[in-house]
Amino acid sequence: MNMRINNEDIVRLFNEMAAMLEIKGDSAFKIRAYQRAASTIEQLSWSLAAAAAAGDDLRKIPGVGKAISEKVQEYVSTGRVAAYERLAEELPPNVLSLLEVPGMGPKTVKAATAELGITSVAELEQAALDGRLAQLPRMGKRSAENILRHIRAQRMRSDRTPLGIATETCDAVTAALFEACANLVSITPAGSLRRWEETIGDLDLIAVSERPEETGPALAALPSVREVLVAGDAKTSVVVDPGIQIDLRIGEPDAMGAMLQYFTGSQQHNIRLRDYANRRGLSLNEYGITAVDGGATERFANEEMFYARLGLPWIAPELRRGAEELDAARNGTLPELLVESDLRGDLHLHSDWSDGKFPLEEMVEAVAALGYEYMAITDHSQGLGVANGLTPERLERQVGILKSLQERYGMTILCGSEVDIRADGAMDFPDDVLAMLDWVIASVHNAMGQERGVMTARIARAMENPYVTAIGHASARLLGRRDPVDFDIEALLQQARDTGTAMEINAAPERLDLKDTHAARARELGIPLVINTDSHHVDGLANRRFGVAVARRAWCGPQHVLNAYPRAEFLAWLRTPKPERTARFAAMAGGPTAGF
DNA sequence: GCCGTTTTCGGCCCGACTGTTTTCAGTCG
């Protein structure tokens, strides 16, 4: 049994099988079945390989039936899947890389490989240049030129954009459009940005304007636009400067419900929702809802009305992933999700004593301005020399200053530290130094290439330290820049529960760490989550919205998040001896009976 | 390949845009 196969491997397997079946020209429904299974598996909070190894029935997963479950079993027990290998053998090498070129769909890839013998993107580029590509059926000079352009554009940009950068681009484009269009009423982001996915493919915007015909051309004319891909009446697509594609749709105020719903997706959510509607004799599109047997299209001003027409409560965009959320909506079991205003503290903050940009007082002042009840200053420990980490002597002085500041604020100011977890799992401060602190975050900042077992044992050891309150940004990933460290997340979360250690959701948009599926698993295990901004600057405090989004995507409500509790309850948890904190948290999260 | 308060067989989401056609196939989301 190979339990080291993770869900991502299985997702990739089925997505590649779907792509290969497309090129073969197999049934569109079979292809969709593989895609749906991949999408559902991607969202699981638990390891499919481990469940398969344990003999669980995988067919309980929606979209997974006999054939797919057998392929997972085969993959986990042998490390290979015969059906996948057969497909790969039937097709020319590298066909999947050809499919990734925009404009190259399954039909064109098939023709290019079969008739021109193309086996790589470089050969495709050559064929586009020398005119052979244009000779293919239903191709022509323009199509070949577009393919060539896409190959060159693709080389210049990475495939997906981290959420933080996409948000900045969205804000900039929106402001520029308002500047350029006097008649613009609103711009609403949809798509993966509205669902707060950690990375964004394209930016989907919906515009409402008094002069809708002017909006698309105005977008195409913005100075930051590098290229115009599509310019139609209903839709304009451009690429703007950081290399992000923007799809702009024109909406009408009295029909925004369907428009927003349609373009928020996800694709799997929409497929399932339309299937659900079809069974009730209704057909959905971006303009409204129509009875299958004819009649006028009903229009809806907002999404609440749109979902209500289907007999469903509104479903938060973060949950629209095409898996459990539709059943929950039908059964009335959608969760009450965390909102930004539920947060009552921030417990991971840096000042200019280490690598922050602002003095202690200014950080405290900025946090107090949010109306928080508590906070912790957590500058780096001594080992992180590049970040001007504090020696025990400096830390002791800082503690003294924070205690004097405390007298000026109604807010509780905890003395903390973000302490390095050394390569062997030892803490970067001795216990007698940690003992003077109220709040200790333990984080990995170096030796990130450690083998899985070593890294897991390293973090697990840190959790055993009686002074370590929480693990910070556990995977240490930087979206688009640094891969997560390799660890056994299930083992670590079990250890967190056993030791009474909280797990951070680091809200810095380049981190989002824990990620959504891991946070969901922590919630299931009853581990307290803490949403921190890890701010090095007063402006960083606004990043809490990204952390809240991760928690929402993990189906978390305020009861699952430590820093959403009132000060008295939070401090009572903190005063509880560490081994008893898991039980303490369970009592807090248990409901109104858990008082003081 | 999956699925069922219509179904264990016969269904399976929907539309915009482009470029190639001379009415629509292919691609995309």
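What you are looking at is a predicted structure, and each value in this text was computed from that prediction instead of being measured. Here is how names work: the chains are called A, B, and so on, in the same order as the sequence lines, proteins then strands, and each is numbered from 1.
- Between B/dT20 and B/dG26, the distance separating the two C1' atoms is 10 Å to the nearest Å.
- Of the listed nucleotides (B/dC12, B/dT20, B/dG1), B/dC12 has the atom at the smallest distance from the side chain of A/D275.
- Other residues, nucleotides and ligands contribute more than 12 heavy atoms inside 6.0 Å of the CG atom of A/D327.
- Cation-pi check for A/K60 over A/W46 is met; the charged atom lies under 6.0 angstrom from the ring centroid and within 45 degrees of its normal.
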Q | B/S/- contact track for nucleotides 21-29 of chain B, protein heavy atom under 4.0 Å | A | ---BBSSSB
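- With both ends at atom C1', the span from B/dT6 to B/dG11 equals 11 Å, rounded to whole Å.
- Protein atom CD of A/Q261 is 13 Å distant from nucleotide atom P of B/dC14, rounded to whole Å.
- For A/S143 and B/dT18, the shortest distance from a side-chain N or O to OP1 or OP2 is not below 4.0 Å.
- With both ends at atom C1', the span from B/dC12 to B/dA16 equals 22 Å, rounded to whole Å.
- Taking atom NE2 on A/H150 and atom C1' on B/dT18, their separation rounds to 11 Å, with Å as the unit.
- Contact check, A/Y287 against B/dA16: a side-chain N or O comes under 4.0 Å of OP1 or OP2.
- Between A/N278 and B/dG11 there is no side-chain N or O to OP1 or OP2 distance below 4.0 Å.
- Nucleotides B/dT23 and B/dC28 are separated by 26 Å at their P atoms, to the nearest Å.
- For the OP1/OP2 pair of B/dG19 and a distance below 4.0 Å, the side-chain nitrogens and oxygens of A/N146 include at least one atom meeting the criterion.
- The distance between atom CD of A/Q35 and atom C1' of B/dG1, rounded to the nearest whole Å, is 12 Å.
- Ion pairing of A/E125 with A/R152 is present here, as a side-chain N (NZ or NE/NH1/NH2) and a carboxylate O approach within less than 4.0 Å.
- With DNA chain B read from its 5' end, the first of the two nearest nucleotides for A/G232 and A/R272 is the one closest to A/R272.
- Results of the side chain to side chain donor-acceptor pair (under 3.5 Å) test with A/E325 over A/R272, A/R320, A/H269 single out A/H269 as the only residue that passes.
- B/dT7 and B/dG1: their P atoms are spaced 25 Å apart (whole Å).
- Annotation: of the two residues near DNA chain B, A/N285 and A/R36, the 5′-most nearest-nucleotide partner is A/R36.
- Pair assignment for B/dT8: none, as no Watson-Crick or G-U wobble contacts are both less than 3.5 Å.
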